Number of protein chains: 2
Amino acid sequence: MNPTIKDVARLANVSYSTVSRALANRPGVNEATRCKIIRAAEELNYRPNAIARGLVRGQTLSMGLIIPDITNPFFPEVHRGIEDGARESGYSVFLCNTNWERERETHYINLLIEKRVDGIIIAPISDTVDKIEEELKSNIPVVYVSNLPPKTDRSCVAIDNIRGGFLATKHLIESGYREIGFIGAPEGSFSIDQRLEGYKLAFRKYGMKLDQRFICFGDFKRETGYRIIKRMIEEGIYPRAIFAENDLMALGVLQGVKESGLSVPGDIAVVGFDDIPFASFPEVQLTTIRQPKYEMGKMAVQLLLNDIRASNNGLRKELSCRKIILEPELIVRKTG
Amino acid sequence: MNPTIKDVARLANVSYSTVSRALANRPGVNEATRCKIIRAAEELNYRPNAIARGLVRGQTLSMGLIIPDITNPFFPEVHRGIEDGARESGYSVFLCNTNWERERETHYINLLIEKRVDGIIIAPISDTVDKIEEELKSNIPVVYVSNLPPKTDRSCVAIDNIRGGFLATKHLIESGYREIGFIGAPEGSFSIDQRLEGYKLAFRKYGMKLDQRFICFGDFKRETGYRIIKRMIEEGIYPRAIFAENDLMALGVLQGVKESGLSVPGDIAVVGFDDIPFASFPEVQLTTIRQPKYEMGKMAVQLLLNDIRASNNGLRKELSCRKIILEPELIVRKTG
DNA sequence: GAAAAGATTGCAAACGTTTGCTATTATTAC
DNA sequence: GTAATAATAGCAAACGTTTGCAATCTTTTC
């Protein structure tokens, strides 16, 4: 169907290995011949078959990115960084969205390995990491991003979530709040556990006592933030401030508070996490902890490319493993 | 590096063609042998090389999706629909984000063709369509989504943008507004031109005169909506209502209006387009035109799969071409 | 018990490239 | 003009699968 290198060779009246060399700009082919070949290729509208090339080269110049939720604006930003970084090095990115479904995650890992991408970047669903490592028994380079398994010998990049949680809570405490709730994803989620740890750290540092009634676990979705605060308010037992584990949930909390006729931050202050674009909208003005999303993506690619190079050189993966922990930043706006 | 089918064959003590048949669950292989082979494959942690398979099969069971802006929540929703639809048919999706850069668009088209995806879904940057068609001289199945070239013999799916523009404007007119502005992307953008046409249609129908000062072209970004309305207000020449060509721009307009000390909809009413999730937030409550994003994605895959099947059967592409135009829906909230 | 039929397995070509090696041709040096 | 060298082009193997066909082995049939 598609013209092959042999069609070009026939038209240009040379052998197909010469065509290959000419089109790849490799030395050792006469300039006149090269021109003739290029013309022939253009005439036939020839596109090299990357699949065949990948087979013999043993590399595909592509990488996979597995994220849990493409509709959370956090991830598109990370993706942009990854894509830009990849392109600069001639790589392209296969984006896979798992929709928070464990089964999709393993599906995509396998798919990417079978497609022989050169490496994978994963923002894992936390409780699947053992499963992931099981699937990954191929020695394909992998870097974790954003949500890091506490112990891993792989390269990874994320922010200091403990510090992020600490900063958010500290800010609320210093603003005078004492009853500060935490709304997060299910326990066992890496980054969230750390943010919670930071939260507890702040309590300890200021000599305050935790109130378990105000620590709630849900998932990562806006609706959940909304539901949780709604229920709290209806039951009449709610804190004076909320540290939500991501901006989406914080937005849900905002909605719940306002729908209940209460005000933010007057009745309930809210601090989020991530600093997605919508957090800075004038209607929202969400106080939050900023993650350098785009930069995280860019760094993740660099780590992955490093690992890929290392594995091509036959280095053991421990040697190339590098961990990058970035600084979170408190952004004070109007909600807390 | 990775185990191949031959390694499995050696371990199971059979020929590698038998391994291929056994693992593909093809008939004609003894049950005992099959078990032995499966065990061997598991022991070696064998993953078939999809690249090699693609080469001989002449299909990759993958498709490309090219979108201009992954940070506009409209597209992730479409993507979800496409991915879900693709997965149901055993396909996987290569998402490419062009960032509104023409050069990236052609880059990705070429890349996808070279990677021999089985088909491509494109939400094109409008003024690149001729270029796209030029690049596409391969006979790969392609369907356009969301932003359709006015004349194309390819399958495509989008909403009725003229009607969408008409509905939005009609709503504003019937709400009593007379000075209604339009903020859109650069002229020549397909879907936008149509929305503008719907806007003009409404003016005509209600016997109103267009005011060219209130028709502005920018791009698709929030900042642009913000900038345009800010400038208008500063110059003191601004309409009483704005129909913004997408929700992102509408949100920018909202911001600009409020920052200028004016109120929405009191001083300026705003209607958007798309109905992205944030439009329904209580802080925003944006009146808008809903596009069935997820469904559009799902339909686009169906069209593409159709075209792929047709092209496998050697049908001419005109035969399989189908166009789906969906109904837009007016969602009245608080901004207009 | 032999022939026929069916089940199972293996052989080898094909997919479209890249690339090491060899063969040919052109150029240079003497 | 010949030998040595450099430049160019071609041959063929390799990458890891799938699959049509042939070969072998087992079972059935009469």
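What you are looking at is a predicted structure, and each value in this text was computed from that prediction instead of being measured. Every chain is numbered from 1 and lettered A, B, ... according to where its sequence line falls, protein lines coming before strand lines.
Ring geometry, Trp100(B) versus Phe75(B): the interplanar angle exceeds 60°, so the pair is classed perpendicular (tilted spans 30 to 60°).
One atom, CG of Asn30(B), and another, C1' of dT27(D), lie 13 Å apart when rounded to the nearest Å. In this structure, the CD1 atom of Ile37(A) is 12 Å from the P atom of dT18(C), given to the nearest Å. The separation between Leu44(A) atom CG and dG16(C) atom P is 14 Å, rounded to whole Å. Going from atom CZ of Arg116(A) over to atom C1' of dT17(D) covers 11 Å, rounded to whole Å. Residue Asn49(B) contributes atom CG, which lies 12 Å from atom P of dC15(D) at whole-angstrom precision. Straight-line distance from the CD atom of Glu31(A) to the P atom of dT8(D): 9 Å, rounded to whole Å. Protein atom CG of Asp7(B) is 11 Å distant from nucleotide atom P of dC15(D), rounded to whole Å. Atom CG of Asn13(B) is separated from atom P of dT8(C) by 18 Å (rounded to the nearest Å).
The phosphate of dT19(D) (OP1 or OP2) has no side-chain N or O of Tyr16(B) nearer than 4.0 angstrom. Residue Thr33(A) has a polar side-chain atom (N or O) positioned under 4.0 Å from OP1 or OP2 of dA9(D). The phosphate of dT19(C) (OP1 or OP2) has a side-chain N or O of Arg57(A) nearer than 4.0 angstrom. Taking side-chain N and O atoms only, Thr18(A) has a distance below 4.0 Å to OP1 or OP2 of dG10(D).
Two residues are said to be in side-chain contact when any heavy atoms from C-beta on lie closer than 4.5 Å; Asn49(A) and Thr4(A) fail this criterion.
With a 6.0 Å radius and a threshold of 12 heavy atoms from other residues, nucleotides or ligands, Lys36(B) has its NZ atom above the threshold.
Using a 4.0 Å heavy-atom criterion, one finds that Thr4(A) contacts the sugar-phosphate atoms exclusively. Contact annotation for Arg21(A): base contact, defined as any heavy-atom pair under 4.0 Å involving a base atom.
In the model, Ser126(A) has a side-chain atom that pairs as donor or acceptor with a side-chain atom of Asn147(A) under 3.5 Å.
No hydrogens or angles were tested; on distance alone, nothing pairs the side chain of Ser15(A) with the base of dC11(D) as donor and acceptor under 3.5 Å.
Comparing Arg34(B) and Arg53(A) by the nucleotide of DNA chain C whose heavy atom lies nearest to each, the residue mapping closer to the 5' end is Arg34(B).
Taking a cutoff of 4.0 Å between a charged side-chain nitrogen and a carboxylate oxygen, Asp307(B) and Arg154(B) do not qualify as a salt bridge. With respect to the salt-bridge test (charged N to carboxylate O, under 4.0 angstrom), the residues Glu83(A) and Lys298(A) do not qualify.
For Ser20(B), whose side chain is taken as the heavy atoms from C-beta onward, the closest listed nucleotide among dC15(D), dG20(D), dT18(D) is dT18(D).
Over its length, the helix from dG1(C)-dC30(D) to dC30(C)-dG1(D) turns its helix axis by 40°, as judged from the five terminal pairs at each end, rounded to 10°.
Formation of a donor-acceptor pair under 3.5 Å by the Lys323(B) side chain with backbone atoms of Thr152(B) is found in this model.
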